[in-house]
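What follows is one structure encoded as structure tokens, with my remarks underneath.
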Amino acid sequence: MTLKKTIWTVALYTGFIGALLVTSPALQTATLAAAVEIQAISPPERGPHVLPPF
Amino acid sequence: MVLFQYSDKKGEAMNVGSVIKYYRSKHGLTQQQLADGICSISHLSKIESNSYIPHETTTQALLAKMGVQWKKEVDKQKRLEHELVEFIDCSIYFDLESMRHQYKILEKENEYIQSTELVNQYELYKFRFYTFNNDHQRAEKQKNLLERLKGSFSAPEKWLYQFFLSIYYTMIGQIELSLKLLENLEEGIRSIPQKFEGEYYYQKARLLILQDRYERSAYYAELAVRHYQLHYNYIRLLHAQMLLAINYTRRNLFVQAVELYGVLKRNSQITGQTDLYHQTIYNYAELLKEKAENRQAVEQLLEIKDKLPKDSYFYKAVLVSLLEAASETGQQTEEFINELKQANSGKNNEYFEIHATYFEKRFFSQEDLLNYYEEKMFPFFRKNGYIKEAKKVSTQLALYYQQKREWEKAHFYSAYQEQNGGEFT
């Protein structure tokens with residue numbers, strides 16, 4: 001009985017933490033950053049361009 | 001937008017003490033002379049250090065002794081605050097002409113502002129003003145001043161200081177440091193003063209494109225566009241759209257880029273943004289060249305060439321672009337070569353000199369041109385980080401050595417191309 005209860009508790013908590021991670025903005029940023037790294041390898045093929053003022 | 005409004009009730013947030021001190025010093029009075037018959041010296045001392053808020057009658061009496069009327073004083077502060085709001089709005093809406101005008105008005109009152117609670121904000125926006133004007137010397141001086149003042153900054157003022165500091169580093173070309181400062185600000189993203197949200201996204205998008213981080217840059221540029229649209233910030237909207245257009249071009253999203261350039265050409269003309277219009281044409285011509293529509297690119301560049309100041313860097317860049325497009329279409333280029341040489345004769349910039357010589361050599365022997373590629377152009381482009389140009393030259397050299405069956409050199413030049421990536425699609 002105790003084992004069953006423990007398994008349920010673990011399962012529920014894992015699900016809860018998982019859901020938290022999926023919606024966390026920190027994680028979304030990390031995914032975004034990873035996508036950026038691929039782009040960063042690419043050298044500027046186009047241009048030169050004039051950038052608008054800062 | 002002044003971040004904190006002052007109240008004129010009892011003059012509590014107006015730093016009435018500082019104002020009294022300002023006038024006392026201006027009239028060359030001692031505390032004893034001023035306090036005489038009105039209050040004690042220690043009382044006046046506390047008032048002047050803003051550690052005690054005096055009763056309105058005391059304030060009026062002290063000021064009246066120096067010929068200053070309290071009501072007029074409150075009005076003056078309100079007027080100055082209004083001028084400062086104008087100054088700030090000009091910076092947000094990129095109305096530089098009006099900002100210069102406001103700066104002149106406020107600088108006349110500089111000494112007085114120093115005695116008011118507006119001082120921090122005024123000094124902060126002056127910093128931004130100097131970066132707008134690309135005035136390195138004044139901006140650096142202002143940065144040092146703000147470093148000393150920053151102990152007295154409120155939370156939003158601290159945020160602004162970090163933000164302007166990041167723009168300052170952009171101005172002096174320290175892109176990494178600039179981006180780092182912006183990224184630190186992101187942690188407190190909820191504390192962005194509302195009017196700065198668009199500006200924050202815009203600066204971030206601009207820095208990211210400089211680092212060739214296109215996807216992320218597009219994400220922020222789109223946020224900036226949305227924000228500027230929402231707040232009717234038309235000039236900055238054009239700037240953000242220009243970032244997006246460059247971004248799309250570099251990512252081969254030509255259809256989207258063409259559409260944006262159409263909008264930019266039309267709207268920069270309607271709003272009288274001549275410089276921006278010229279820059280749009282230049283960037284658009286780059287896109288046309290990518291699409292092998294060189295004849296159209298020549299037409300576009302010819303439209304702006306003679307409208308630019310002959311001694312400007314931009315004029316020379318337009319000529320190089322024009323030469324590239326014209327030589328692809330087989331048009332006459334001598335005239336443009338001469339113009340480029342003439343424009344470069346005073347300031348002798350190596351990049352332009354190399355291009356002028358290169359286009360000239362194209363008329364002569366192939367051997368001569370390839371020697372020039374190898375000895376001058378390729379080392380220069382590689383050393384100075386002109387990746388696109390270096391790749392173009394190395395392609396030619398690789399082909400040449402393959403034909404000559406000099407495999408070692410052929411391998412070196414083709415390996416350079418591969419190392420630096422092919423087309424990224």
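What you are looking at is a predicted structure, and each value in this text was computed from that prediction instead of being measured. Just so we're on the same page: letters track the sequence lines, and every chain starts at 1. Atom set for the values below is all heavy atoms of this structure, side chains included, hydrogens, waters and symmetry mates excluded.
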Query raised in the report: Which atoms of B:L287 come close to chain A, meaning under 4.5 Å heavy atom to heavy atom: side chain ones, backbone ones, both, or neither?
Result: neither
Report task. Indicate whether the side chain of B:E389 and that of B:Y351 have a donor and an acceptor atom separated by less than 3.5 Å. Result -> yes
Query raised in the report: Looking only at side chains, do B:E222 and B:Y201 share a donor and an acceptor under 3.5 Å apart?
Result: no
Query - Geometric cation-pi criterion B:R128 and B:F132, 6.0 Å radius, 45° cone - result: yes
Query raised in the report: Can you say whether B:D275 sits under 4.5 Å from chain A via the side chain, the backbone, both, or neither, judging by heavy atoms?
Result: neither
Requested in this report: Give a yes-or-no answer on whether the side chains of A:H49 and B:R250 include a donor-acceptor pair shorter than 3.5 Å.
Outcome: yes
Query raised in the report: What part of B:L210 is in contact with chain A, defined as an atom under 4.5 angstrom from a non-hydrogen atom: side chain, backbone, both or neither?
Result: side chain
